[in-house]
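Report on the following structure.
Every chain is numbered from 1 and lettered A, B, ... according to where its sequence line falls, protein lines coming before strand lines.
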Number of protein chains: 2
Amino acid sequence: MSKKVSLKDIATKVGVSTATVSYVLNGLEKEKRVGVEVAKKIKDAARELNYMPNQIARSLRKGSTNTIGLIVADIANPFFGQLARIVEDEAIKHNYTVIFGSSDEDCVKSEALIDTFVNRQVDGFIIAPSEGCKSQINALINREVPLVLIDRYLPQLNTSYVVLDNFTAVYDAVTHLVEKGHRRIGMVAYENSLIHMSERIRGYKEAMIDHQLEKEIRIKKIAYNLPRQEMEKIIGEMLTHLISDALIFATNALSLAGLYAVKTNQKKVPEELALIGFDGNEAFDFFDSPLTYIKQPLEQMGRESVRILLDEMKGNTENQHIQMASKLITRASCG
Amino acid sequence: MSKKVSLKDIATKVGVSTATVSYVLNGLEKEKRVGVEVAKKIKDAARELNYMPNQIARSLRKGSTNTIGLIVADIANPFFGQLARIVEDEAIKHNYTVIFGSSDEDCVKSEALIDTFVNRQVDGFIIAPSEGCKSQINALINREVPLVLIDRYLPQLNTSYVVLDNFTAVYDAVTHLVEKGHRRIGMVAYENSLIHMSERIRGYKEAMIDHQLEKEIRIKKIAYNLPRQEMEKIIGEMLTHLISDALIFATNALSLAGLYAVKTNQKKVPEELALIGFDGNEAFDFFDSPLTYIKQPLEQMGRESVRILLDEMKGNTENQHIQMASKLITRASCG
DNA sequence: AATTTAAACTTAAACGATTAAGCAACTTGG
DNA sequence: CCAAGTTGCTTAATCGTTTAAGTTTAAATT
């Protein structure tokens, strides 16, 4: 890489000190009383030399990097990909850059990412925390690093967060199925103790109880890191000795695995089995009977999380807790 | 944010200079002949104080940031999301961090991103260049910034790149359709002069000519930034006065828009219309007759691009040009 | 015993910006 | 005409590392 142009080069060329150059290029010429001709010379020289400020040097001096660290489960997962895009756009608007990392819901990876980002002096974090990573997050809190949790939060910790109202989302989904005449409603969830999952399960259970269907409660929990084929197989087995006439899937990936299983097992939807998915996906639209699903307000979630983070970075230490309402997109898969 | 622990804090605590601490913590104790006890004390102190090196300071001093800038069209697009994930993993393995940005195929955004990343002193770029951004890329070349183009390249410029063999990909797709008995084969492409698109179109045209079907050549070009509904409408219009018995879609987004249009217009696939998509998507699997598609070797592309970039960052100035073979996943949509 | 070599550090400059404090050379007010 | 203020800069410290070039003390060699 060729040598870069620094403040000093401009200073030398114009014949002033770097301080003066810095003032002018930061728009402080009035405040710092730099002469009009000198200011013009400096600006001209900067343009001529194609000067670009070294953000690293500036960051070191200022103690802030204008960088946000974003940690999600997997950037390749469209849910997080879309979220990342919204965060990116919002960050750029406020002159921040995003560095990202995928944790794979794995504490070791998550910790490595957090450490890397802390070393790189990010000004704040947006994190979808993984199971069992409480201590890492807590360490951030103790260091007073601005932080917003997203998608899930840790009830034991005092942080800002932006999540879905998962309880109501699933509660309403169950109610919808009941209204459509289904009774033996099952749920397919992840084996995960985090709040987003437990709230979805709680929403399911309470709704079942409230509709006098507690005897029909049946939850299948699947490990997160299984490849899709495995998930599909497990759900497929559920389908062969079918005890449910409706299934709710607790995540997008589970919904997809479920759809593959239903397709493989040639179950008729909704006649034999009604389905409700999570998050939305083009595949939902092309399934024989388009899937009813729980839609998250991604756009707002991304924006709010950045807004709150910026707020915290400005010094606001008050934690903000946001639970957003989902929308049930009702289509043919529930009858 | 609470004050951070610096080398100086450790130095003070142990009673040595920061130089000694730096040597020890960088594993240079042998080479720089630091005493065994002192080294141990330093390591203990570092652990005790939970020292984390300030990457910003290190970067400033070393002149390299261990950061890769990744610019794609849209991180929310699964194609680029998956690519980003692979780049991320590969980068982490080599102790690099990725900062990313989405250009939306827009030169203004792309330039802003490049400038931001240059200011942040990224050590190298992986870029999916947008139409008409040649001068920006050229500026990078002139600055001798390590750079790998991905997905498309600029034939006029001397850069490394990793792309699909788009010509052969589409050529073979046409041949497949011809073998399946289709003759009036059309193509739906983007209005884009970049090489990836022009090569796909050229592959289509040459294949048609080679199969004596030049009279059947029909290409519909659609602007990139249209919302999906618009694309769907345009493709829908094509379908109502149907002059083709087969369609090849030149990208993933176009394939999806096409599927929606086909569904809306209730065309029977493959009887009335055969289809070939690009890139793969779960929706392809749930379409009435699963879609035949051109699959890109994403994993290898991501890895290769990082490998080449690391190579360039190590000082290798030789440009590497990689064209990868696609695979035609044949299914029911072509008869 | 004088000189060289080695061991175990320290000193201080440098990276490229920001910014508080200082200092001439004017202008103004009384 | 002199003190005070204003204008238009400069000086130099600082951020937290890295690293070339010393320095001191002890051990080895001649």
Side-chain angles (χ1 to χ4, degrees), chain A residues 1-43 45-46 49-67 118-123, chain B residues 1-43 45-46 49-67 118-123:
Chain A
M1 271 203 271
S2 62
K3 251 299 266 332
K4 290 187 179 152
V5 178
S6 73
L7 274 191
K8 204 175 193 172
D9 297 322
I10 299 178
T12 309
K13 179 165 174 141
V14 178
V16 294
S17 70
T18 61
T20 308
V21 179
S22 174
Y23 291 140
V24 170
L25 297 183
N26 285 300
L28 301 176
E29 32 178 320
K30 294 272 144 63
E31 195 179 327
K32 297 289 173 178
R33 303 173 309 230
V34 178
V36 182
E37 316 105 83
V38 171
K40 183 170 167 11
K41 270 195 199 166
I42 289 173
K43 286 178 189 166
L49 297 175
N50 191 26
Y51 170 72
M52 311 194 84
N54 183 325
Q55 270 295 339
I56 297 292
R58 171 181 278 169
S59 295
L60 178 60
R61 171 63 222 232
K62 296 248 240 182
S64 71
T65 53
N66 273 41
T67 305
V118 166
N119 292 355
R120 281 165 189 270
Q121 319 294 119
V122 298
D123 294 336
Chain B
M1 271 204 273
S2 63
K3 250 298 265 330
K4 287 184 181 153
V5 178
S6 74
L7 275 190
K8 206 176 192 172
D9 297 320
I10 299 179
T12 309
K13 179 165 174 143
V14 178
V16 295
S17 70
T18 60
T20 308
V21 178
S22 174
Y23 290 139
V24 170
L25 297 183
N26 284 301
L28 300 175
E29 33 177 319
K30 293 273 144 62
E31 196 179 328
K32 296 291 173 179
R33 304 174 305 233
V34 178
V36 183
E37 316 104 81
V38 171
K40 184 171 165 14
K41 271 195 199 167
I42 289 173
K43 285 178 190 166
L49 297 176
N50 190 26
Y51 170 71
M52 310 194 85
N54 183 325
Q55 271 293 340
I56 297 293
R58 170 180 280 169
S59 296
L60 178 59
R61 170 64 220 230
K62 297 248 244 182
S64 71
T65 53
N66 273 40
T67 305
V118 166
N119 292 354
R120 281 166 191 270
Q121 318 294 121
V122 299
D123 294 336

Which residues pass the salt bridge (Lys or Arg N to Asp or Glu O under 4.0 Å) test with [X], not counting sequence neighbours?
X	value
A:Lys62	none
A:Lys32	none
B:Lys41	none

Between C:dC9 atom P and B:Leu28 atom CG, what is the distance in whole Å? 15 Å
Is a side-chain donor-acceptor pair under 3.5 Å present for B:Arg120 with A:Asn66? no
For B:Val14 and B:Ala45, the nearest pair of non-hydrogen atoms, with its separation, is CG2-CB, 3.8 Å
Correct closest heavy-atom pair for B:Val34 and B:Ala39 would be CG1-N, 4.2 Å
Bounded by its outermost nucleotides with an atom under 4.0 Å from a heavy atom of chain B, the footprint on DNA chain D reads D:dG16 to D:dA20
Are side-chain heavy atoms of B:Asn50 and B:Val5 found at a separation under 4.5 Å? no
With a 4.5 Å limit on heavy-atom distance, are the side chains of A:Ile10 and A:Lys13 in contact? no
Output a table of nitrogen or oxygen pairs between the protein and nucleotides 12-16 of chain C separated by less than 3.5 Å.
from: C:dA14; atom 1: N3; to: B:Arg61; atom 2: NH1; distance (Å): 3.1
from: C:dC15; atom 1: O2; to: B:Arg61; atom 2: N; distance (Å): 3.2
from: C:dG16; atom 1: N2; to: A:Ala57; atom 2: O; distance (Å): 3.2

If the threshold is 4.0 Å, N to carboxylate O, is there a salt bridge linking B:Lys43 and B:Glu29? yes
Using a cut-off of under 3.5 Å, enumerate the N/O to N/O pairs linking the protein to nucleotides 4-7 of chain C.
none

Using a cut-off of strictly less than 4.0 Å, decide whether B:Ser17 has a side-chain nitrogen or oxygen near OP1 or OP2 of C:dT11. no
With DNA chain C as reference, determine whether B:Lys32 or A:Thr20 sits nearer its 5' end, using the nearest nucleotide of each. B:Lys32
What's the spacing between A:Arg58 CZ and A:Leu7 CG if we round to 0.5 Å? 9.0 Å
